[in-house]
Amino acid sequence: MPEGHTIHRLAQDHAERFGNREVRVTSPQGKFADSAALLDGNPLTTAEAHGKHLFLGFGEADVWIHIHLGLFGKYTFGDAPVPPPTDTVRLRLATATAYADLRGPTTCALVTEGEKQAIHDRLGPDPLRAQDNGEAAWARVSRSRTTVAALLMDQKVIAGVGNVYRAEVLFRHGIDPYRLGRDLTRPEWDAMWSDLAELMREGVRNNRIDTVRPEHTPEAMGRPPRVDDHGGEVYVYRRAQQPCHICGGEIRTAGLAARNLFWCPACQQR
DNA sequence: GTAGGATGCTAAC
DNA sequence: TTAGCCTCCTACG
């Protein structure tokens with residue numbers, strides 16, 4: 001779930017349900033209780049995403065709730081009647097008509113405006129932010145001796161890409177994950193950047209990751225639809241040892257920087 | 001019932 | 001490079 005598209009969608013969902021409404025802010029689990037009490041009853045005025053970071057702003061209060069889901073964090077949205085919270089709910093926002101429950105985040109903390117800015121400053125450009133472009137990312141990539149697979153996961157280089165988008169965008173552009181940043185061409189990078197922007201925008205719309213082109217969908221190719229709890233239709237992510245949708249060769253997997261990498265060696269050449 | 005893994009990241013070695 | 005954090009779900013006895 002939690003790649004950049006999830007967080008941008010969460011920002012939208014918060015704005016829709018709670019924007020400019022006074023919200024009850026609580027921490028049934030307790031870890032955020034003191035901070036929640038400070039904000040309780042204020043209107044939610046801003047919900048903003050940068051990469052995988054979510055910021056909630058409350059009216060005059062000069063503080064933000066900074067949320068990072070990490071690997072396990074999850075949001076549940078619902079309508080009234082608001083059910084009693086379970087004891088793992090770190091943060092609950094609620095009005096008379098809607099609620100949002102946050103469980104298991106890596107980060108849920110109050111930050112000042114300055115601390116928020118520091119987070120933005122250490123993040124790279126985000127394909128989902130209108131004001132961002134791939135220029136600064138290319139400057140880093142083009143002089144890096146790191147693999148493009150590692151660079152795509154580095155939030156200082158490009159914010160919001162996770163393990164699924166990494167594997168899929170490399171496949172879509174026929175790029176070997178082990179190629180070095182400095183060996184990429186400018187057109188290759190530009191194409192990946194704009195492709196990510198489109199794929200991730202669709203991810204926000206549908207709240208899932210789909211990367212398979214129309215001509216390669218299960219219906220178009222007469223194969224059974226994918227069954228995987230992560231949802232969308234993909235080319236290589238978590239398809240190790242299965243046949244590539246395009247060439248029929250075997251999808252490979254390997255560990256890279258503590259994460260599982262997936263790719264098709266035939267379609268993705270050096 | 002238990003083990004293991006998962007779309008993430010950081011601090012410590 | 002590894003351990004640690006946080007939660008939920010599946011597979012396996």
Visitor: Any idea which heavy atoms bring A:Thr95 and A:Arg21 closest together, and the distance?
Guide: CG2-CB, 4.4 Å
Visitor: Linking I/L/V/M/F/W/Y whenever their side-chain heavy atoms sit closer than 4.5 Å, directly or via other members, would A:Ile65 and A:Leu123 fall into one cluster?
Guide: no
Visitor: Counting the atoms with a prime plus P, OP1 and OP2 as sugar-phosphate, which does A:Lys31 contact under 4.0 Å by heavy atoms, base, sugar-phosphate, or nothing?
Guide: sugar-phosphate
Visitor: Rounded to the Å, how far apart are A:Asp87 CG and C:dT7 P?
Guide: 9 Å
Visitor: State whether A:Arg129 and A:Asp132 are salt-bridged, where the test is any N-O pair (Lys NZ or Arg NE/NH1/NH2 against Asp/Glu carboxylate O) under 4.0 Å.
Guide: yes
Visitor: Quick one: which protein N/O atoms are closer than 3.5 Å to N/O atoms of nucleotides 11-13 of chain B? Pair and distance per line, please.
Guide:
none

Visitor: Classify A:Arg238 by what it touches in the nucleic acid, base, sugar-phosphate, or nothing, heavy-atom distance under 4.0 Å.
Guide: base
Visitor: Please confirm whether the shortest side-chain N or O distance from A:Gln155 to OP1 or OP2 of B:dC9 is below 4.0 Å.
Guide: yes
Visitor: Between A:Glu3 (CD) and B:dG8 (C1'), how many Å, whole number?
Guide: 10 Å
Visitor: Identify whether any heavy atom of A:Glu168 sits under 4.0 Å from a base atom; if not, whether one sits that close to sugar-phosphate; answer base, sugar-phosphate or nothing.
Guide: nothing
Visitor: Could you tell me how far B:dT10 sits from C:dC8 if I compare only their C1' atoms? Round to whole Å.
Guide: 22 Å
Visitor: Name the residue from A:His120, A:His8, A:His66 that meets the ring pair (Phe, Tyr, Trp, His ring centres under 6.0 Å) definition with A:His53.
Guide: A:His66
Visitor: Could you state the atom-to-atom distance from NE2 of A:His68 to C1' of B:dG8 in whole Å?
Guide: 6 Å
Visitor: Please state whether the phosphate of B:dA6, meaning OP1 or OP2, lies under 4.0 angstrom from any side-chain nitrogen or oxygen of A:Asn163.
Guide: no
Visitor: I want to know whether A:His14 and A:Tyr75 have ring centres closer than 6.0 Å.
Guide: yes
Visitor: For A:Phe32 and C:dT7, what is the distance between atoms CZ and P respectively, to the nearest whole Å?
Guide: 15 Å
Visitor: Return the value, rounded to whole Å, for the distance between atom OH of A:Tyr237 and atom P of B:dA6.
Guide: 7 Å
Visitor: Roughly how many Å apart are B:dC9 and C:dC9, using the P atom of each and rounding to a whole number?
Guide: 22 Å
Visitor: Assign A:Thr88 to base, sugar-phosphate, or nothing according to its heavy-atom contacts below 4.0 angstrom with the strands shown.
Guide: sugar-phosphate
Visitor: When you check the phosphate oxygens OP1 and OP2 of C:dT7, does a side-chain N or O of A:Lys74 lie under 4.0 Å from one of them?
Guide: no
Visitor: Between P on B:dG8 and CD1 on A:Ile158, what's the gap in Å once rounded to a whole number?
Guide: 14 Å
Visitor: Using a cut-off of 4.0 Å on non-hydrogen atoms, how would the nucleic acid contact of A:Arg9 be classed: base, sugar-phosphate, or nothing?
Guide: nothing
Visitor: Within 45° of the six-membered ring axis of A:Phe77 and under 6.0 Å from that ring's centre, is NZ or CZ of A:Arg17 located there?
Guide: no
Visitor: Once you round it to whole Å, what is the distance between P of B:dT10 and CG of A:Leu123?
Guide: 9 Å
Visitor: Evaluate whether atom CZ of A:Arg179 has more than 12 neighbouring non-hydrogen atoms of other residues, nucleotides or ligands under 6.0 angstrom away.
Guide: yes
Visitor: Taking ring pair (Phe, Tyr, Trp, His ring centres under 6.0 Å) as the criterion, tell me which of A:Phe171, A:Trp263, A:Tyr165, A:Phe262 meets it with A:Tyr237.
Guide: A:Phe262
Visitor: Roughly, in whole Å, what's the span from CZ in A:Arg259 to C1' in C:dT2?
Guide: 15 Å
